[in-house]
Amino acid sequence: MAARVHVSPEQFTLIPYDANEIASIAEDVAALIGFPPNVDIEIEVDEELFAPLTGHMSDVIDGAARIWISGANFEDKKAPQHFSPEQARDDLIVALLRAKDRLSDGFDGASSDADITRAERAAWDASVNGRARELGVRVREQALRYEFRLQHGFTDVGDAAFDRLFAADSVTWEGLREICRETGAVDRPASKVPVDLLRQK
Amino acid sequence: MKKMLPESELARDERFVRSKIEDRIFDPRGPKLATRNTGPAMMATDRPAAAERSRSLMHGIFVGEIQALEGAGRTCFDFDDDEAPFQLKLDMARQCWDESRHCEISIKLGDHLGTEIGEYTESTFLYAAACNPDPVMRLTGVNRALEGLAIDVFNTMREFGKESTDPVLEFCEDWMLADEVTHVKMGSDWLRRLTEKDPERRERALEFQRTVDKIFNLGGFRGEQEENPVQLARRFRELAGFTDEENDSLSKLAAESTEEARQMSELLAGNN
């Protein structure tokens with residue numbers, strides 16, 4: 001049976017990451033979160049990026065989950081240039097949960113990750129990480145709250161919205177947009193920097 | 001107690017992980033990344049990985065505060081009164097109190113941003129600049145060069161707090177910035193007093209300061225261009241006693257460092 005997880009590059013040249021190890025972790029993660037077994041997963045790791053330039057994007061294109069992720073996300077912060085299986089597992093859970101969301105009815109019509117606003121993304125991340133925590137992921141709630149605040153404001157309304165997202169069992173694309181209206185994030189000036197800038201080479 | 005403590009003997013608990021600056025300099029990804037556009041260097045909410053970058057910088061500020069505390073503390077102890085007047089040591093003791101407070105504030109700011117002690121590695125090259133055996137050199141390197149850098153860093157973070165509407169970050173950085181201005185001023189005053197009758201020693205000390213300044217421009221880390229993450233805080237430097245001439249000179253040095261880093265990256269990228 002052909003593997004359904006494909007990792008690129010197959011051979012890392014700048015850092016000692018192992019594509020097979022990453023694929024194996026992704027397989028375990030997919031099973032853990034109940035990712036649809038008939039959907040292929042393609043993971044592209046950008047090995048040129050290092051901490052603190054973290055980031056990942058999850059899209060569904062032609063029926064397959066396409067994950068782009070910064071090499072920094074898999075990097076052991078205490079041992080730069082070294083792979084951290086625990087960190088990889090945690091971040092792949094979050095990335096694949098977002099891909100799983102995209103496969104659900106609640107995300108029909110959702111923008112691709114390159115077109116999503118930073119506020120929409122922060123809201124989505126809050127929700128996904130809340131669910132990831134239930135799966136045993138070491139979620140740093142305060143770090144997420146700070147990321148949410150950067151895009152939605154340092155206000156009580158924003159904090160209450162974050163709490164609801166973090167505790168929710170599920171979320172929809174329209175629900176995320178409603179949160180952005182509620183916090184006033186939709187009224188903020190559009191970002192001058194493309195949200196997928198790190199992905200661009 | 002031992003005098004002139006080398007950086008290798010600094011006391012840290014198990015949470016801290018020491019890194020060497022050369023590991024980052026010779027990281028094979030560096031030259032590749034230098035040729036890419038990773039967004040505006042200045043701190044901003046629409047900068048890619050803005051939160052992670054601010055957490056990493058905040059952790060760097062925190063360990064910098066520990067080392068500043070250690071540096072000022074060593075100056076209180078390392079020199080006899082004929083080398084460094086008691087009044088100078090009193091100023092350093094007062095600075096220790098400020099740096100201790102900054103450590104505590106930085107820990108709380110780290111909590112606020114969602115990081116923790118030891119999440120990132122610590123490089124001790126700041127303390128290394130505080131190991132000069134000549135008190136005048138040390139004071140100039142630490143209180144004028146490094147504390148001057150602290151003015152630039154705190155002002156940059158304060159501006160980021162303002163831009164992101166984060167009242168906690170803006171307020172804390174503003175207060176720490178005020179302390180740094182007094183630290184630089186102490187350095188300027190003591191440099192003048194201790195070298196009043198020795199212009200050659202003063203020039204050597206200022207040359208040492210320029211060397212430290214150049215190192216801490218960190219290949220484009222500080223400057224007055226958009227590509228510099230930490231911006232030169234001219235107004236606060238003036239308040240600390242730096243002249244326009246000194247600020248212009250530092251700006252020129254920073255621009256040279258940025259250009260040298262760019263050329264080095266292009267060279268390394270071409271070799272890979």
Side-chain angles (χ1 to χ4, degrees), chain A residues 12-16 46-57 70-73 75-82 117-119 121-122 125 129 139-155 158 184-185 188-201, chain B residues 14-20 23-24 26-40 42-60 109-116 118-123 160-161 163-170 229 269 272:
Chain A
F12 289 83
T13 58
L14 298 173
I15 37 175
D46 188 332
E47 64 169 333
E48 291 180 7
L49 297 173
F50 51 82
L53 296 175
T54 52
H56 52 79
M57 307 184 95
S70 162
N73 286 69
E75 186 171 14
D76 186 340
K77 288 178 188 168
K78 296 186 180 187
Q81 300 183 48
H82 288 83
T117 68
R118 292 184 194 282
R121 177 62 195 267
D125 282 344
N129 276 279
V139 169
R140 297 180 306 157
E141 183 178 342
Q142 186 58 26
L144 282 163
R145 186 181 294 278
Y146 179 67
E147 287 169 28
F148 187 84
R149 285 168 164 175
L150 285 182
Q151 306 304 330
H152 292 264
F154 289 73
T155 65
R188 291 184 157 203
S191 170
K192 287 175 276 191
V193 182
V195 294
D196 63 342
L197 186 68
L198 286 184
R199 191 176 187 170
Q200 297 173 12
K201 284 196 179 176
Chain B
E14 67 283 356
R15 290 171 297 180
F16 293 81
V17 178
R18 191 80 55 92
S19 67
K20 290 183 287 196
D23 289 343
R24 175 45 67 92
F26 296 116
D27 187 325
R29 297 169 295 180
K32 297 274 184 193
L33 193 59
T35 61
R36 288 172 60 170
N37 174 13
T38 55
M42 283 173 66
M43 306 286 290
T45 50
D46 62 359
R47 187 185 190 211
E52 187 63 15
R53 281 165 145 169
S54 56
R55 278 191 284 272
S56 172
L57 179 56
M58 179 52 66
H59 195 275
L109 280 175
D111 292 344
H112 174 65
L113 269 54
T115 182
E116 60 187 14
E119 182 175 357
Y120 306 92
T121 57
E122 177 187 13
S123 171
F160 179 56
E163 190 259 342
S164 60
T165 69
D166 180 350
V168 176
L169 185 64
E170 184 188 350
N272 283 330

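All values below were derived from every heavy atom in this structure, side-chain atoms included, with hydrogens, water molecules and symmetry-related copies excluded. Within every chain, numbering begins at 1; the chains are lettered A, B, ... in the order of the sequence lines, protein sequences first and strands thereafter.
- Residues A:Pro52 and B:Ser56 come closest through the heavy atom pair CB-CB, 4.0 Å.
- With a 4.5 Å cut-off on non-hydrogen atoms, A:Leu144 does not touch chain B at all.
- Between chain A and the options B:Leu57, B:Asp166, B:Thr38, B:Val168, the largest number of non-hydrogen pairs under 4.5 Å is found for B:Asp166.
- Per-residue heavy-atom pair counts under 4.5 Å with chain B were compared for A:Glu141, A:Arg118, A:Glu47, A:Glu147, and the maximum is reached by A:Arg118.
- Of all heavy-atom pairs between A:Ala51 and B:Arg24, the closest is O-NH2, 3.4 Å.
- How far NZ of A:Lys78 is from CZ of B:Arg18: 14.5 Å, rounded to the nearest 0.5 Å.
- Taking the charged nitrogens against the carboxylate oxygens, A:Asp46 and B:Arg36 do have a contact shorter than 4.0 Å, which makes a salt bridge.
- From A:Phe154, atom CZ reaches atom OG1 of B:Thr165 across 6.0 Å, with rounding to the nearest 0.5 Å.
- Counting only distance, with no hydrogens or angles, the side chain of A:Gln151 and the backbone of B:Thr45 share a donor-acceptor pair below 3.5 Å.
- A salt bridge is absent between A:Glu48 and B:Arg29; no separation between the charged side-chain nitrogens and carboxylate oxygens falls under 4.0 Å.
- Between chain A and the residues B:Arg53, B:Arg47, B:Arg55, the largest count of heavy-atom pairs under 4.5 Å involves B:Arg55.
- Remark: A:Arg140 engages B:Glu52 in a salt bridge, criterion side-chain N to carboxylate O under 4.0 Å.
- At least one side-chain heavy atom of A:Val193 sits less than 4.5 Å from a side-chain heavy atom of B:Pro40.
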* A:Gln142 and B:Asp111: CA distance, side-chain angles, deciding distance, side-chain contact (heavy atoms from CB on, under 4.5 Å) verdict -> CA-CA 7 Å; A:Gln142 186 58 26; B:Asp111 292 344; 5.8 Å; no
* **Residue pair A:Arg145, B:His112: steps toward the side-chain contact (heavy atoms from CB on, under 4.5 Å) verdict** => CA-CA 9 Å; A:Arg145 186 181 294 278; B:His112 174 65; over 6 Å; no
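- Residue B:Phe16: no heavy atom, backbone or side chain, is found under 4.5 Å from chain A.
- When all heavy atoms of B:Pro28 and A:Gln81 are compared, the pair lying nearest together is CD-OE1, 3.7 Å.
- Contact annotation for A:Arg121: neither backbone nor side-chain heavy atoms come within less than 4.5 Å of a heavy atom of chain B.
- More than 12 heavy-atom neighbours from other residues, nucleotides or ligands sit within 6.0 angstrom of NZ on A:Lys201.
- For B:Ser19, no part lies under 4.5 angstrom from a heavy atom of chain A.
- Distance CZ/A:Arg149 to CG/B:Leu169: 12.0 Å, rounded to 0.5 Å.
- Atoms OG1 and CG, from A:Thr117 and B:Asp46 in turn, are 12.0 Å apart once rounded to the nearest 0.5 Å.
- Interface check for chain A: of the options B:Val17, B:Thr121, B:Asp23, B:Leu33, the most heavy-atom pairs under 4.5 Å are formed by B:Leu33.
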